[in-house]
Amino acid sequence: MKAWDKIEAAFSPEGTPEIPAVICYESIFVRDHWSAITDKPWWYQHSPDMEHHMAWLRDVIGRTGLDWYMLPTFYSREDRKHISVSVTPEGVFLSDSRTGNRELLHEPRVSGWSVSGGIESVRPETPAQTPEEIDRLIPIEEDYNVGDIVANGRKDLAGRFLGEFDGAVYPYRRVDSPLWRCYHLWGFEDMMVMIAEHPELIRYAGSRYLELSIRAVHEASVLGAAGIFIEECLTDMISPAAFRALNLPFVRRLTEEIRSLGMRSIYYFCGNPAGKWEYLLDSGADALSFEEGKKGFEIDIGNVIDRVRGRCAVLGNLDAINLLPNASEDNLRAEIRRQISAGRRNGSRFIMSIGSPVTPETSVEQVRRYCDMVHEIKT
């Protein structure tokens with residue numbers, strides 16, 4: 001079976017006879033392992049030349065054996081006429097002939113730390129306190145037309161990707177849940193205070209973020225994506241009642257929209273799901289995905305399967321922090337076999353995955369070994 005067929009079968013009531021192998025956040029894996037995964041220059045990721053992008057994408061997909069990959073967008077055709085990359089003794093620059101702007105590009109840093117070394121947490125100086133302030137901070141373009149990405153050429157790279165890989169890779173896009181997006185508006189502390197004391201503002205901001213997420217879903221559909229990976233963070237820290245009132249309605253609206261466009265939804269809930277299982281199962285998602293046990297809690301894949309009982313697909317949560325980078329072949333194979341065995345109890349509605357991004361210390365060879373073992377095991 002091709003990768004697309006395996007993953008689509010995993011979503012079906014009948015399940016998949018062949019388990020697919022995926023990881024979460026391939027972009028982090030690629031960033032941290034660029035020189036080990038491709039011999040192409042790092043600045044190819046910024047290039048306006050589609051051939052440069054296809055070259056490094058071929059290396060990533062060919063050398064890992066992954067069954068899915070995030071579908072790329074690209075510069076518009078107009079941008080491509082004016083944007084160029086120049087490699088000089090002073091550094092690599094991205095230039096735009098329309099404006100004369102010349103931007104120094106920085107090679108991606110392992111683990112993602114900023115060039116300045118500054119703290120990446122969101123801490124707004126003046127958090128939004130009114131709907132009007134939220135409107136200003138979450139602008140929604142009124143004359144938006146999803147078809148523009150076809151007309152202006154931003155779909156061109158996705159078209160090349162789909163044409164070349166032709167079912168050998170399952171193409172998906174990612175969106176954040178509307179409540180999780182509120183972190184970027186308020187930061188952690190103020191977001192939690194707003195949830196507790198001003199839920200009406202959370203609902204208002206969530207409704208605007210939902211509109212933007214729905215637009216992103218429509219864009220993914222036009223690009224040719226088959227699935228949407230919905231990321232959820234921090235909401236394990238709120239009460240089940242707040243989760244039900246301030247998050248679940250938005251997630252359900254999102255999964256309904258994804259389904260209406262003929263795509264599949266994968267709901268990745270980060271953190272401890274305790275107290276929220278019924279709401280996660282009521283989200284309407286086609287698949288649920290969880291972290292591995294860490295941060296003081298355990299999420300055993302067997303227990304996940306016992307709760308889901310075939311009502312949707314489940315993604316594996318192999319330990320990416322300790323096991324994947326360090327496991328012997330025997331130990332890695334044993335854990336993959338255990339997880340697949342649990343997935344078979346879910347009616348084979350199962351996709352083998354890892355619980356967190358691949359760590360910088362994990363070799364490309366180990367990731368390839370993981371994918372090959374998943375494909376080999378027929379349990």
Side-chain angles (χ1 to χ4, degrees), residues 22-50 52-64 66 68-75 79 83-96 101-124 157 172-176 180-181 183-184 187-188 229 231 233-234 268 270 291-292 294-295 318-326 353-371:
V22 305
I23 62 173
C24 53
Y25 304 104
E26 311 96 62
S27 61
I28 294 176
F29 170 58
V30 171
R31 179 199 67 199
D32 290 344
H33 298 79
W34 182 270
S35 61
I37 208 168
T38 180
D39 58 1
K40 309 304 182 293
W42 61 266
W43 55 263
Y44 268 30
Q45 297 169 91
H46 302 275
S47 173
D49 187 337
M50 272 196 292
H52 287 170
H53 289 264
M54 289 303 300
W56 71 260
L57 283 166
R58 287 185 198 105
D59 285 347
V60 172
I61 292 167
R63 295 180 186 180
T64 60
L66 293 171
W68 76 8
Y69 203 84
M70 194 164 82
L71 196 59
T73 56
F74 200 47
Y75 295 105
D79 286 342
I83 291 175
S84 61
V85 175
S86 56
V87 181
T88 74
E90 293 76 33
V92 181
F93 293 87
L94 187 71
S95 302
D96 190 330
N101 184 56
R102 189 167 179 257
E103 176 190 356
L104 176 64
L105 299 176
H106 297 280
E107 185 172 358
R109 296 196 171 196
V110 173
S111 298
W113 298 113
S114 68
V115 174
S116 66
I119 295 173
E120 299 294 337
S121 298
V122 174
R123 294 178 181 273
L157 180 56
Y172 77 95
R173 295 284 293 173
R174 203 195 84 186
V175 300
D176 295 334
W180 160 223
R181 294 184 76 165
Y183 165 76
H184 303 285
F188 175 73
F229 188 85
E231 182 183 74
C233 297
L234 302 183
Y268 178 55
C270 294
E291 294 182 282
E292 63 272 78
K294 57 187 179 186
K295 306 173 188 172
L318 185 138
D319 177 8
I321 307 300
N322 299 301
L323 189 140
L324 184 62
N326 303 313
S353 185
I354 58 180
S356 299
V358 174
T359 64
E361 294 77 19
T362 306
S363 68
V364 173
E365 292 74 21
Q366 185 76 334
V367 172
R368 179 64 196 230
R369 189 173 295 116
Y370 153 79
C371 290

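Shortest non-hydrogen contact noted between Asp32 and Ser111 is OD1-N, 2.8 Å. Nearest approach of Trp34 to Pro41, heavy atoms of both residues: CZ2-O, 3.4 Å. For Pro48 against Ser84, the heavy-atom pair with the smallest separation is CG-CA, 4.3 Å.
For the 3.5 Å distance criterion, the side chains of Gln45 and Trp56 fail to qualify, holding no donor opposite an acceptor.
Not one N or O on the side chain of Tyr75 forms a donor-acceptor pair closer than 3.5 Å with the backbone of Ser47. Checked by atom type and distance alone, the side chain of Arg173 pairs as donor or acceptor with a backbone atom of Leu71 at under 3.5 Å. Checking side-chain atoms of Arg31 against main-chain N and O of Pro108 turns up no donor-acceptor pair under 3.5 Å. Not one N or O on the side chain of Glu231 forms a donor-acceptor pair closer than 3.5 Å with the backbone of Arg174.
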Can Glu292 and Ile321 be said to form a side chain to side chain contact (heavy atoms under 4.5 Å, CB included), step by step?
CA-CA 9 Å; Glu292 63 272 78; Ile321 307 300; 3.6 Å; yes
Can Val92 and Val85 be said to form a side chain to side chain contact (heavy atoms under 4.5 Å, CB included), step by step?
CA-CA 7 Å; Val92 181; Val85 175; 3.6 Å; yes
Could you go step by step and tell me if Ile83 and Leu94 meet the side chain to side chain contact (heavy atoms under 4.5 Å, CB included) rule?
CA-CA 7 Å; Ile83 291 175; Leu94 187 71; 3.6 Å; yes
If you apply the rule side chain to side chain contact (heavy atoms under 4.5 Å, CB included), what do you find for Glu291 with Tyr268, and how did you get there?
CA-CA 8 Å; Glu291 294 182 282; Tyr268 178 55; 3.7 Å; yes
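Applying the side-chain contact (heavy atoms from CB on, under 4.5 Å) rule to His33 yields the partners Phe29, Val358, Val364; only residues at least two apart in sequence or on another chain are considered. Contacts of Tyr172 classified as ring-ring contact (aromatic ring centres under 6.0 Å, His included), with partners at least two apart in sequence or in another chain: Trp68. Residues forming a ring-ring contact (aromatic ring centres under 6.0 Å, His included) with Tyr69 (at least two apart in sequence, or on another chain): none.
Ring geometry for Tyr44 versus His52: interplanar angle under 30°, hence parallel rather than tilted (30 to 60°).
Side-chain contact between Asn322 and Lys294 is absent, with no heavy atoms from C-beta onward closer than 4.5 Å. Counting heavy atoms from C-beta on, the side chains of Asp176 and Tyr183 never come closer than 4.5 Å.
With values rounded to the nearest 0.5 angstrom, Phe93 atom CZ is found 4.0 Å from Arg102 atom CZ. Here the OG1 atom belonging to Thr362 is positioned 11.5 Å from the CZ atom belonging to Arg369, to the nearest 0.5 angstrom.
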